[in-house]
2 protein chains.
Amino acid sequence: MEQKNPKAFTSSINPLEVFKEIEWKALELKRGDFLIKAGQTEKYLYYVVSGALRAYTYVDEEEHTIRFGYKNSIIAAIPSFFNEQPTDIYIEALRKSTLYRAKKIDFEKVMQESVKSLSYYNALLKDLIATFYEREIDILQKDPAKRLKRVLERSPQVFQEVPHKYIAAYLRMSAETLSRLLNS
Amino acid sequence: MEQKNPKAFTSSINPLEVFKEIEWKALELKRGDFLIKAGQTEKYLYYVVSGALRAYTYVDEEEHTIRFGYKNSIIAAIPSFFNEQPTDIYIEALRKSTLYRAKKIDFEKVMQESVKSLSYYNALLKDLIATFYEREIDILQKDPAKRLKRVLERSPQVFQEVPHKYIAAYLRMSAETLSRLLNS
DNA sequence: TTCTTTTTTTAACAAAGGTGAATAGAATCA
DNA sequence: TGATTCTATTCACCTTTGTTAAAAAAAGAA
């Protein structure tokens, strides 16, 4: 069974397999490129083939890392994707990355045509809700060591893919605290 | 516009209006009664007419308050409702409460029969995702005063409905810290 | 490869918030 | 109503984690 978190607003479903009727367009990002920036409205869902990305937002000048995208994960500015309002999320490539993207309108078209697609879409939504819920429980833990443990057990590979300073931010701790925890 | 959070896994939609075809059964809870307990699978969606409830879960013996339900809000053990697996959530009435409930299977039936219902259902899901996202940003704030401010501005009435010690837990701070903040 | 930039580690220090305890105040129930 | 239980406040103390700074290590670019 594939791990679920902390992929970016993700699902254990491989959308390229499931939504074959949809046109998936390949794209290449280099380190520092953005998939989306605050103010834009999310029109795509992305599937990461290789590389690493992070989603973050600002509240009162403070940056908060909220999700990662890496191999086999879905990433997008999900709230904007669903409500079609401008997002406050930035998604940035942390290194050279290859992804596929599909248009929201293409999803909707396929959804109307096929009951099977609709049920897959529902599965995707369920997975999304599960991910959000897991995330909520993760960050509620008071003890930084517990927060680390949960994510480390669920998604050990993220520690290979993503610089620790971003993982620390994702776990709402300083890079120094994460370093202390990993070396003890 | 109605506030969105921290209702319990909620929506600004009034489901009694929108899902008229569904049979909504009234129920009365007294203080201390449970809507659902860990281990059970959520088969209902509840709409709160009056009263106050809280949803909480345990991680390593520690209790975490995750949502509240009160007047005009929806509450349920949402992840379980969607994935049909046993939940780890408890939902408890904090005082005498009146609610309506509808069966999941009735939702599904209506969804198949009417495109309009399906689109309302989608709206409900969007709202749910927005709520989860707001919640994530809320609890990520480092400063307890900021976490309080966000919820206080969005849902001032929760401070009338719910004992502060639960609000403190919801805001991941001690009751003492909340008291300090409110009296300064 | 070498150079440069970025990331990680370590340490000393400060400060924020939790804990425990005791009191005061509210709400609930018989 | 009065009694009891539950909730909120206050204080002193202490632990934990963030901050600042500097050095070491690693990764990326040329």
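Computed from a predicted model, the values in this text were never measured in an experiment. Letters A, B, ... are given to chains in the order of the sequence lines, protein chains preceding strands, and every chain is numbered from 1.
Of the residues in residues 159-169 of chain A, those with a non-hydrogen atom less than 4.0 angstrom from any atom of DNA chain C are A:P163, A:H164, A:K165, A:Y166.
Nucleotide C:dT6 holds its P atom 14 Å from the CZ atom of A:R54, rounded to whole Å. As rounded to whole Å, 13 Å separates atom C1' of C:dG17 from atom CG of B:L178. The CE-C1' distance, from B:M173 to D:dT9, rounds to 16 Å in whole Å. For A:L140 and C:dG18, the CG to P distance is 13 Å, given to the nearest whole Å. The nearest whole Å value for the distance from the CZ atom in A:R172 to the C1' atom in C:dA16 is 14 Å. To the nearest angstrom, P of D:dT9 lies 7 Å from CG of B:L182. Rounded to a whole Å, the CG atom of A:D143 is 15 Å from the C1' atom of C:dT19. For B:K96 and C:dA27, the NZ to C1' distance is 16 Å, given to the nearest whole Å.
Within a 6.0 Å sphere centred on OH of B:Y120, heavy atoms belonging to other residues, nucleotides or ligands number 12 at most. Other residues, nucleotides and ligands contribute at most 12 non-hydrogen atoms within 6.0 Å of the NZ atom of B:K103.
Checked against the 6.0 Å centroid threshold, B:Y90 and B:Y58 count as a close aromatic pair.
By the 4.0 Å N-to-carboxylate-O rule, B:R147 lies too far from B:D138 to be salt-bridged with it.
Across A:R31, A:K30, A:K37, a single residue satisfies salt bridge (charged side-chain N to carboxylate O under 4.0 Å, His left out) together with A:D33, and that is A:K30.
Side-chain contact check for B:I129 versus B:K126: every heavy-atom pair is 4.5 Å or farther apart. Here the side chains of B:V49 and B:L99 are not in contact, with every heavy-atom distance at 4.5 Å or above. For the pair B:R172 and A:K142, the minimum side-chain heavy-atom distance is 4.5 Å or more. By the 4.5 Å heavy-atom criterion applied to side chains, B:I105 and B:F107 are not counted as neighbours.
Each of A:N183 and A:K142 lies near DNA chain C, and the nucleotide nearest A:N183 is the one positioned closer to the 5' end.
For D:dG18, the base has a donor-acceptor partner in the side chain of A:R180 [N/O atoms by modelled type, under 3.5 angstrom].
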Quick one, give me the B/S/- string for nucleotides 22-30 of chain D, reading 5' to 3', where B means a protein heavy atom under 4.0 Å from the base and S means that only happens at the primed atoms, P, OP1 or OP2.
------S--

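Listed pair B:T177 / C:dG18 meets the phosphate criterion, a side-chain N or O lying under 4.0 Å from OP1 or OP2.
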